[in-house]
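A note on names: the letters A, B, ... follow the listed sequences, proteins ahead of strands, and every chain is numbered from 1.
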Protein chains: 2
Amino acid sequence: MTKPLTPRSAAKRAAILDAAQACFCDQGFAATSMDVVAQAAGVSKATIYSHFRGKDDLFGAIICRRCDDHAEGMGPIAAGAGDDAASVLAAMARTLMDLLMEPEVLAMYRMVVAEAARHPDLARIYYEQGPVRGKQRIADVLAGLDRRGLLAIPDPWLATDLFVNMLRGEVFHRALLGLDGPARLSLDGTIAEAVRVMLAAYGPRP
Amino acid sequence: MTKPLTPRSAAKRAAILDAAQACFCDQGFAATSMDVVAQAAGVSKATIYSHFRGKDDLFGAIICRRCDDHAEGMGPIAAGAGDDAASVLAAMARTLMDLLMEPEVLAMYRMVVAEAARHPDLARIYYEQGPVRGKQRIADVLAGLDRRGLLAIPDPWLATDLFVNMLRGEVFHRALLGLDGPARLSLDGTIAEAVRVMLAAYGPRP
DNA sequence: GTCTATAGAGCGATAGAC
DNA sequence: GTCTATCGCTCTATAGAC
């Protein structure tokens with residue numbers, strides 16, 4: 001994706017990536033010019049072209065780097081939860097929503113969606129390295145709850161999909177569209193109800 | 001949003017809207033030039049500027065027109081369903097997913113998301129005239145099922161949000177990113193499980 | 001109202017000095 | 001490797017004939 005050679009000027013390369021990510025997130029990919037990125041990074045435009053093949057290559061490098069950050073952010077996904085299904089589900093829900101609501105994550109998702117038609121390879125990389133990895137983590141936890149008899153989940157991946165998307169719902173939808181007004185649904189209420197629904201649907205047979 | 005005067009050349013205006021919608025959906029808003037739109041519509045570029053103030057105004061006119069089509073597409077939302085909750089839920093799910101999976105709807109959503117940062121007013125119009133109207137229809141049906149004792153739903157709007165987003169899930173996510181490969185989840189399987197979850201969570205107390 | 005032709009600005013990418 | 005300066009192109013929007 002990028003030039004394999006990086007002797008010492010890796011600092012400038014990082015500055016370019018940081019500046020480009022900020023500009024792209026703020027203005028969108030198509031609307032951001034290389035001149036603006038160069039100015040924001042404190043380098044000349046030619047320096048950017050010595051590190052990256054072009055604007056598309058720069059875009060790809062940002063997506064890949066950001067996906068790694070995603071994976072780290074989901075680290076101890078059910079940290080500090082109790083030992084019952086409700087606590088674990090609620091803790092995962094909170095961790096997930098905190099990540100999804102970060103402005104940078106939203107902006108990155110907007111960009112990938114917007115450029116998906118012209119950069120299908122990048123959309124695939126993002127999807128597999130970002131959302132899929134995160135969902136796998138949640139599916140593993142659900143499978144663990146199933147093994148311990150705390151829940152009865154025949155298909156953990158399907159249950160994960162329903163759980164995650166119940167959570168995102170209107171809150172994520174509104175954030176994606178930049179509607180920052182008062183939402184018709186609260187995040188806390190949505191999480192509580194999603195956990196309740198999961199328990200009702202996947203609670204172990206008594 | 002558009003000039004209030006439209007004597008007789010409304011035909012050209014419609015042709016411009018049709019062509020612009022097709023081009024925008026195909027190539028994206030930013031990547032589509034007014035020259036291409038003019039050529040596709042069979043008019044000159046100056047004619048477009050006599051009907052619309054500029055590219056943004058043209059974009060807004062397309063969004064508004066498309067929202068009306070959405071509302072019609074959700075017409076008899078639970079048509080042909082039986083009289084039990086499971087049938088009604090499944091019928092609504094099928095109607096909704098058929099609409100959401102239309103290429104034009106996906107493309108329109110991509111565009112609104114992509115331009116949300118620079119056109120917040122358009123994002124708001126789209127959200128309220130599109131998704132909110134559709135969800136209200138579903139919430140009304142759920143409230144009806146509650147009144148008839150077929151389900152027990154204290155907050156129909158919240159239940160609608162969870163239901164709709166369970167359905168969209170990975171299928172919509174992948175379609176939005178243009179990943180047309182074999183999905184890890186099938187649409188039919190997702191609908192069946194979402195209906196089952198809804199019945200488990202909101203089934204009437206026996 | 002609609003056309004042809006063009007203005008005027010900004011873009012991505014590069015050449016060559018250092 | 002990094003800079004300054006610039007090329008060649010495409011874009012949105014407009015002016016003026018019909």
(message) I need the CG-P distance between B:D35 and D:dC9, as an integer number of Å.
(response) 16 Å

(request) Return the value, rounded to whole Å, for the distance between atom NE2 of A:H51 and atom P of D:dC3. (result) 9 Å

(request) Send over the distance from B:F52 CZ to C:dG1 P, rounded to a whole Å. (result) 14 Å

(request) Give a yes/no answer on whether the side chain of A:K12 brings an N or O atom under 4.0 Å of OP1 or OP2 in D:dC3. (result) yes

(request) Could you check how far CE of B:M34 sits from P of D:dT14, rounded to whole Å? (result) 10 Å

(message) I'd like to know whether CD of A:Q136 has more than 12 heavy-atom contacts from other residues, nucleotides or ligands below 6.0 angstrom.
(response) yes

(message) Without decimals, in angstroms, what is the distance between B:I16 CD1 and C:dT2 C1'?
(response) 11 Å

(request) Would you mind checking if A:D188 and A:R94 are paired as a salt bridge, meaning a charged N to carboxylate O distance below 4.0 Å? (result) yes

(request) May I ask you to decide if the ring planes of A:H119 and A:F29 are parallel, tilted or perpendicular, using 30° and 60° as cut-offs? (result) perpendicular

(request) Measure from the side chain of A:K45, starting at C-beta and using heavy atoms only, and say which of C:dA13, D:dA13, C:dT4 lies closest. (result) C:dA13

(request) Rounded to the nearest angstrom, tell me the gap between atom CD in A:Q39 and atom C1' in D:dC3. (result) 15 Å

(message) The side chain of B:S50 is closest to which nucleotide in this list: D:dT6, D:dT4, C:dT2?
(response) C:dT2

(message) Nearest 0.5 Å, please: how far is CD in A:Q27 from CZ in B:R118?
(response) 6.5 Å

(request) Kindly point out which of C:dG12, D:dC3, D:dT2 is positioned nearest to the side chain of A:A46? (result) D:dC3

(request) May I ask you to say what A:S33 touches in the nucleic acid, namely base, sugar-phosphate or nothing, with a heavy-atom cut-off under 4.0 Å? (result) sugar-phosphate

(request) Look at B:K55 together with B:E115 and state whether they make a salt bridge at an N to O cut-off of under 4.0 Å. (result) no

(request) Round to a whole Å and report the spacing from CD of A:Q27 to P of C:dG10. (result) 15 Å

(request) Could you check how far OH of A:Y49 sits from P of C:dC11, rounded to whole Å? (result) 11 Å

(request) Between A:F29 and B:T47, just flag the one whose closest nucleotide in DNA chain C comes earlier from the 5' side. (result) B:T47

